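Let me begin by presenting the structure, written as structure tokens, before commenting on it.
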Amino acid sequence: MYDLIIIGGGPAGLTAAIYAIRKRLNVLLISKDLGGMTNYHLSLPWAEDYQVIRGLEIVNKFKSELEYLKFAHQMESVEHIEKLPEGFAVHAKNGAKFEARALIIASGTRTRRLGVPGEKDYIMRGLCFSALSYAPLFIDKETAVVGEGELALRSAAELATVAKHVTLIGPGAAVLETPLGVKLRKAKNVTIRAGYQVVAVKGNGYADELLVKSPQGKEESVRADGMFIELGLVANSQIVAGLVELDAEGRIRVDNMARTNVPGIFAAGDVTTSYAEQVLIAVGDGAKAALSAYDYLLPAL
Ligand SMILES: Cc1cc2nc3c(=O)[nH]c(=O)nc-3n(C[C@H](O)[C@H](O)[C@H](O)COP(=O)(O)OP(=O)(O)OC[C@H]3O[C@@H](n4cnc5c(N)ncnc54)[C@H](O)[C@@H]3O)c2cc1C
């Protein structure tokens with residue numbers, strides 16, 4: 001039985017693994033990939049790498065250290081987790097089973113997609129998901145945000161503070177009545193296309209046009225230097241659903257020591273109720289979860 005199993009090899013899981021190794025814990029990281037969402041990076045003709053805070057130096061350092069320690073990681077997909085009298089069993093998709101006295105869940109989120117022609121061709125080439133990360137690259141640019149909820153409104157508002165113009169496509173009527181919705185409706189550099197749907201993404205090397213359809217079925221073209229799909233993030237928490245407490249959006253509830261409501265199960269990064277999806281926040285969460293798990297395990301080491 002391992003001391004600790006970490007599920008997820010993004011910034012949170014990688015950091016937790018390196019901390020656990022430093023603490024000489026018998027640790028295993030199980031993940032579908034190493035690097036997680038940091039494997040995505042927005043490419044734009046005018047933007048330089050240094051303009052975005054990516055935290056890649058630290059993530060890549062931890063990733064190569066773990067790649068070297070072959071005994072400390074398994075490239076598998078986890079299907080579910082079972083509570084045992086003395087710990088937990090982690091069941092992988094290929095039928096393998098691993099046991100540990102404590103777990104850290106760092107399985108991140110997945111982005112909701114549009115599912116329209118052209119989307120796949122331009123992902124991260126002008127068509128992006130995180131205005132929170134990339135808004136500073138759009139000073140004086142034409143931008144578009146797609147989404148019906150609060151995340152789309154926040155993204156449009158953030159872009160409106162720097163961009164020349166923002167077209168917000170698809171917000172619902174209710175969200176436009178919130179204080180942020182009212183502010184956006186009054187903003188001079190924001191055009192709102194309520195209830196519209198995206199039909200296709202077009203471009204030439206980089207995405208530069210969205211084909212949209214009005215609720216009445218009329219098609220029109222929205223040109224932009226960059227466009228953000230802000231349909232929301234889905235927490236990859238299904239592996240512990242029914243075992244640990246989740247919030248209404250499916251994120252794992254944690255306290256300020258990365259503890260869930262189940263003793264021995266810790267969680268870190270975007271899959272949790274921790275504030276804001278950013279690499280450096282996930283790195284910090286991962287460090288905290290590993291130290292907290294170490295405290296939990298210490299009496300038995
Ligand atoms: C397109 C995009 C661009 C971004 N750009 C930036 C940026 O420039 N700067 C910034 O600070 N933040 C950026 N972010 C946000 C940042 O990437 C995330 O906040 C961060 O990666 C979260 O780290 P994490 O470890 O919690 O989760 P993730 O990075 O999502 O990692 C989760 C890991 O868990 C694994 N996993 C999931 N389910 C399972 C399972 N069932 N079994 C096994 N493994 C599993 C995945 O394979 C992955 O390795 C961006 C996000 C997106 C979507």
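Because the structure is a prediction, the values reported are computed rather than measured. Indexing begins at 1, ligand by ligand and atom by atom, following the structure's order.
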For Leu34, which part has a heavy atom under 4.0 Å from ligand 1: side chain, backbone, both, or neither?
neither

At under 4.0 Å between heavy atoms, what of Glu79 touches ligand 1? The answer is neither

Could you check whether Lys213 makes a cation-pi contact with Tyr196, meaning its NZ or CZ is under 6.0 Å from the centre of the six-membered ring and within 45° of the ring axis?
no

Just checking, any donor-acceptor pair under 3.5 angstrom between side chains of Asp247 and Thr273?
no

Looking at Gly108, Ser237, Ala12, the heavy atom closest to atom 27 (O) of ligand 1 belongs to Gly108

Answer with yes or no after comparing the ring centroid distance for Tyr296 and Phe266 against a 6.0 Å cut-off, counting only values under it.
yes

Nearest candidate to atom 42 (N) of ligand 1, where distance is taken over non-hydrogen atoms, out of Val78, Asn39, Ile239
Val78

Counting non-hydrogen protein atoms only, what is the nearest one to atom 4 (C) of ligand 1? Give residue, atom name and distance.
Tyr134 OH, 3.7 Å

With respect to Asn236, determine whether any N or O atom, backbone or side chain, lies less than 3.5 Å from an N or O atom of ligand 1.
no

To atom 34 (O) of ligand 1, the nearest of Ala92, Gly13, Gly36, Gly8 on a heavy-atom basis is Gly8

With no hydrogens and no angle check, is any side-chain donor or acceptor of Ser237 less than 3.5 Å from a backbone partner on Ile252?
no

Whether Ser31 lies under 4.0 Å from ligand 1, heavy atom:
yes

Side chain to side chain contact (heavy atoms under 4.5 Å, CB included) assessment of Arg253 paired with Asn261
CA-CA 8 Å; Arg253 281 194 198 281; Asn261 64 318; over 6 Å; no

Close approach of Arg110 to ligand 1, heavy atoms, under 4.0 angstrom:
no

If you count the atoms of ligand 1 from 1 in the order shown, which ones are under 4.0 Å from a heavy atom of Val52?
8 (O)

Mind running side chain to side chain contact (heavy atoms under 4.5 Å, CB included) on Lys23 and Leu291 for me, showing each step along the way?
CA-CA 9 Å; Lys23 291 285 181 194; Leu291 294 176; 3.7 Å; yes

Can you confirm whether Lys120 is buried at NZ, in the sense that more than 12 heavy atoms of other residues, nucleotides or ligands lie under 6.0 Å from that atom?
no

Would you mind finding which of Lys32, Met75, Met37, Arg54 brings a heavy atom closest to atom 21 (O) of ligand 1?
Met37

If we count only N and O atoms by modelled type, under 3.5 Å, do the side chains of His165 and Thr191 hold a donor and an acceptor together?
yes

Tell me the protein heavy atom at minimum distance from atom 37 (C) of ligand 1, and give that distance in Å.
Ser107 O, 3.2 Å

Which option, Ala276, Ser274, Ser133, owns the non-hydrogen atom nearest atom 13 (C) of ligand 1?
Ser133

Quick one: look at Ala282 and ligand 1, take heavy-atom pairs under 4.0 Å, and tell me if it's side chain, backbone, both or neither.
side chain

Protein heavy-atom partner closest to atom 11 (O) of ligand 1 - residue, atom, separation in Å
Val279 N, 2.9 Å

Using a 4.0 Å cut-off to any heavy atom of Glu277, which atoms of ligand 1 qualify?
15 (C), 19 (O)

Using 30° and 60° as the class boundaries, would you call the ring planes of His80 and His91 parallel, tilted or perpendicular?
parallel

Atoms of ligand 1, numbered as shown, that sit under 4.0 Å from any heavy atom of Gly269:
26 (O)

Near Ser77 (heavy-atom distance under 4.0 Å), the atoms of ligand 1 are 42 (N), 43 (C)

Nearest non-hydrogen protein atom to atom 43 (C) of ligand 1, with distance, is Glu76 O, 3.4 Å

For Asp225, give me all partners under salt bridge (charged side-chain N to carboxylate O under 4.0 Å, His left out), at least two apart in sequence or on another chain.
none

Atom 31 (O) of ligand 1 sits nearest the protein heavy atom Gly10 CA, 3.4 Å

Starting from atom 24 (P) of ligand 1, which protein heavy atom do you reach first, and at what distance in Å?
Pro11 CD, 3.9 Å

Looking at Glu230 and Ala131, would you say the former's side chain and the latter's main chain have a donor-acceptor pair under 3.5 Å?
yes

Salt bridge Lys97-Glu82, side-chain N to carboxylate O under 4.0 Å
no

Taken in chain and number order and not counting sequence neighbours, the residues that satisfy salt bridge (charged side-chain N to carboxylate O under 4.0 Å, His left out) with Glu277 are Arg251

Any salt bridge linking Asp140 with Lys164? Criterion: basic side-chain nitrogen under 4.0 Å from a carboxylate oxygen.
no

Atom 1 (C) of ligand 1 has as its nearest protein heavy atom Met124 CE, 3.5 Å

So which bit of Asp270 gets within less than 4.0 Å of ligand 1, heavy atoms only: side chain, backbone, both or neither?
both

Identity and separation of the nearest protein heavy atom to atom 49 (O) of ligand 1
Asp33 OD1, 2.9 Å

Please determine whether the number of non-hydrogen atoms from other residues, nucleotides or ligands lying under 6.0 Å from atom CD of Gln197 exceeds 12.
no

For ligand 1, which part of Ala106 has a heavy atom less than 4.0 Å away: the side chain, the backbone, both, or neither?
backbone

Could you tell me whether a side-chain N or O of Glu119 sits under 3.5 Å from a main-chain N or O of Leu114, the two making a donor and an acceptor?
yes

For Ile53 and ligand 1, does the shortest N/O to N/O distance drop below 3.5 Å?
yes

Min over Ala267, Ser130, Gly55 of heavy-atom distance to atom 51 (C) of ligand 1 lands on Ser130

